[in-house]
Structure formats: structure tokens, C-alpha cells
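Encoded as C-alpha cells, here's the structure I'll be asking about.
Just so you know, these numbers come straight off a predicted model, no measurement behind them.
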Amino acid sequence: VVLDGERRVEQILEEAKGLCAAQGLELVEDQGLLNEVAGLAEWPVTLMGSFDEKFLKLPDEVLTATMKGYQKYFSVRDPKTGALTNRFIFVSNIEAPDGGKAMRAGYERVLTARLSDAWFLYSQDLKTPLEDHAKKLHEVTFFEGLGMIGDKVDRVAALAREIAPTVGADPGLAEKAARLAKADLVTGMVYEFPELQGLMGRYYAEAQNEPDQISK
């Protein structure tokens, strides 16, 4: 047992960076996750796993949310592109006699199932235009006495159209952007990962060929 919590943190970080560097890759550091993992492992053993490259078609934020939120894995990126790779770092609580081979296979299998779920949600969300997602906001309560989120969107959209000319923006695009800004709140992906609200709306807008002024 490594009794010193700070030592466990240092050990995990050092080993994780070393594993990534050996592959010409870079650890996506996350202090909160690092502290959590160090608190879960009394005898931390840091290893690297991989997943099918097809999942790299998912937004990086989705990959990270899946790895971190469900499995407590660290993401790994390519320093040349800044994009995530199909590698991940995990921390076990035991030194396996086979060097972690069987353990790694198990960790990879579980992550594949999680990423498959995320892929399904992403694909299903894309089948519905953002404008249709936005219509469902009239069924979601904003605040008691203030109506639905759809009502709030209507108010914001009206303000956006009114203000747009004063800042040199197109009134129509400003109104549309306001109407789509909260649309991802009712998507399957945001239901599963609330921390991705706003981000997923941008990705869906880009995938559905919305103008750059709206998607960005």
C-alpha cells in the first residue's frame, strides 16, 4: 500500500505521462480525475489501453465524457494535431502476473460497450434536425411561473432579432441562432451527459450544414 496520497498522485501522473511519451503521444491531464483515481487505488498500477478507431468519429468531448464519467480513464491526444487518439490510460489496484494483459482486455471491452452506446445516441440525435429538437423545448419546464424553456427561447430570439442590427449582425441568423442555442437540451447525448449541453448543439449544427454564423 502506498500510504501517502500525494505520492500516489505523483506516481500515477509520472507513469501515465511516460506511457504516452513512449508512443509519441500526450496525456490529457485532469487534476480532478487524477485525485479521484489516486484515492481509489491503494497500490496504483498505470497501464495503457486502446479502442477501435471508428469511435474517433465522435466529438472529442464525447470520448472524454465517456471515458472519464463512466470508467475513470484518462484521454490521450496526438500532440501534432491536438486531437484525441484511440488510446486511454487506466489505473488498476494490483500488479497482475501477466503484466496486465487480461486486465487490459477487460477494460477495453467495457469501454467499447460504453462508446457503442455513445455512438448510438450521437447517430440517433443526428437523424432529427436541430429545429425539430428545439420544438420539444416547449415541453420542458424552465421555472415555475415563467413557463417552458421554449417560451424563454422565444423571448431570447425576439431580443436577438432586435439587437442584431446594432452590432452589425443579420437579424434572421441571430434569431435562428437563438432558437437553436438550447435545442441540444432534449437530445439523447445531453440527457446522458448534461455537461455537454451547448457543445453538442454546435456539433449537430455543423453536421447538419447550418451556416458558420450559427454553428460557431
Side-chain angles (χ1 to χ4, degrees), residues 25-34 54-70 74-85 115 117-216:
L25 303 174
E26 184 177 70
L27 177 72
V28 177
E29 296 188 41
D30 185 320
Q31 190 62 48
L33 178 59
L34 179 59
K54 69 180 182 182
F55 292 119
L56 292 178
K57 294 179 182 179
L58 289 168
D60 282 359
E61 293 88 347
V62 173
L63 293 173
T64 295
T66 302
M67 288 188 276
K68 174 183 177 180
Y70 285 120
F74 292 88
S75 301
V76 176
R77 64 180 162 226
D78 183 339
K80 296 179 181 178
T81 65
L84 295 189
T85 70
L115 290 175
D117 289 342
W119 180 259
F120 174 77
L121 293 173
Y122 183 67
S123 301
Q124 289 298 111
D125 286 343
L126 282 175
K127 291 180 180 179
T128 303
L130 267 183
E131 290 184 349
D132 289 345
H133 281 302
K135 294 175 183 177
K136 299 176 186 177
L137 294 174
H138 286 282
E139 303 171 9
V140 182
T141 301
F142 168 49
F143 191 80
E144 186 176 355
L146 295 179
M148 302 298 185
I149 291 181
D151 298 323
K152 178 184 178 182
V153 168
D154 289 341
R155 295 192 291 269
V156 173
L159 286 171
R161 172 173 280 280
E162 185 72 22
I163 295 172
T166 65
V167 295
D170 180 279
L173 286 177
E175 179 180 355
K176 186 173 185 179
R179 291 195 177 280
L180 298 182
K182 299 293 184 181
D184 66 359
L185 289 176
V186 294
T187 62
M189 187 66 75
V190 171
Y191 181 83
E192 190 71 18
F193 300 105
E195 67 270 26
L196 298 182
Q197 58 183 279
L199 286 169
M200 294 313 303
R202 186 192 75 191
Y203 284 116
Y204 293 149
E206 291 175 344
Q208 294 171 358
N209 298 315
E210 291 289 353
D212 287 346
Q213 299 95 319
I214 291 178
S215 62
K216 295 181 180 179

| Heavy-atom pair of closest approach, residues M189 and A118 | CE-O, 3.2 Å

| field | Heavy-atom pair of closest approach, residues S75 and T64 | value | OG-OG1, 3.1 Å

| query | Is there a side chain to side chain contact (heavy atoms under 4.5 Å, CB included) between D154 and H138 once you walk through the steps? | reply | CA-CA 10 Å; D154 289 341; H138 286 282; 3.3 Å; yes

| said: Let me confirm one number: the NZ-OH distance from K127 to Y122, rounded to the nearest 0.5 Å. | reply: 14.0 Å

| query | Which pair of heavy atoms, one from L27 and one from F74, lies closest together, and at what distance? | reply | CD1-CB, 3.7 Å

| said: Does any part of the side chain of V140, heavy atoms only, come nearer than 4.5 Å to the side chain of L185, both counted from C-beta? | reply: no

| message | Applying side chain to side chain contact (heavy atoms under 4.5 Å, CB included) to E61 and Y203, what does each step give before you reach the verdict? | response | CA-CA 10 Å; E61 293 88 347; Y203 284 116; 2.7 Å; yes

| query | When rounded to the nearest 0.5 angstrom, what is the spacing between CG in L196 and OG1 in T66? | reply | 8.0 Å

| task | Mind checking the NZ-CG spacing from K54 to L115? Nearest 0.5 Å is all I need. | result | 10.0 Å

| request: Could you verify whether a donor N or O on one side chain and an acceptor N or O on the other, from D184 and Y204, lie under 3.5 Å apart? | output: no

| said: Could you check whether atom CD of Q208 has more than 12 heavy atoms from other residues, nucleotides or ligands sitting under 6.0 Å from it? | reply: yes

| message | Could you measure the distance from the OG1 atom of T141 to the CD1 atom of I149? Nearest 0.5 Å is fine. | response | 8.0 Å

| query | Are any of the side-chain heavy atoms of D151 and F142 separated by less than 4.5 Å? | reply | no

| said: Between T85 and V76 (side chain of the first, backbone of the second, donor and acceptor by atom type, cut-off under 3.5 Å), is there such a pair? | reply: yes

| message | In the structure I gave you, are the side-chain heavy atoms of E162 and L159 within less than 4.5 Å of one another anywhere? | response | no

| query | Which pair of non-hydrogen atoms, one from A164 and one from P171, has the smallest distance, and what is that distance? | reply | CB-CA, 3.7 Å

| said: The test is side chain to side chain contact (heavy atoms under 4.5 Å, CB included); show your working for R77 and L84 and say whether it passes. | reply: CA-CA 4 Å; R77 64 180 162 226; L84 295 189; 4.0 Å; yes

| note | The reported gap from NZ in K182 to CG in L130 (rounded to nearest 0.5 angstrom) is 14.0 Å

| Interatomic distance, D170 atom CG to K176 atom NZ [nearest 0.5 angstrom] | 11.0 Å

| remark: Scanning both residues in full, the closest heavy-atom pair of A160 with A174 reads CB-O, 3.6 Å

| message | Between V62 and W119, is the side chain to side chain contact (heavy atoms under 4.5 Å, CB included) condition met? List the steps. | response | CA-CA 9 Å; V62 173; W119 180 259; over 6 Å; no

| message | Tell me if a side-chain donor or acceptor on H133 pairs with a main-chain N or O of D125 at a distance below 3.5 Å. | response | yes

| message | Strictly below 4.0 Å, N to O, side chains only: are K135 and E131 in salt-bridge contact? | response | no

| Can you find a pair of side-chain heavy atoms, one from L56 and one from L63, that are under 4.5 Å apart? | yes

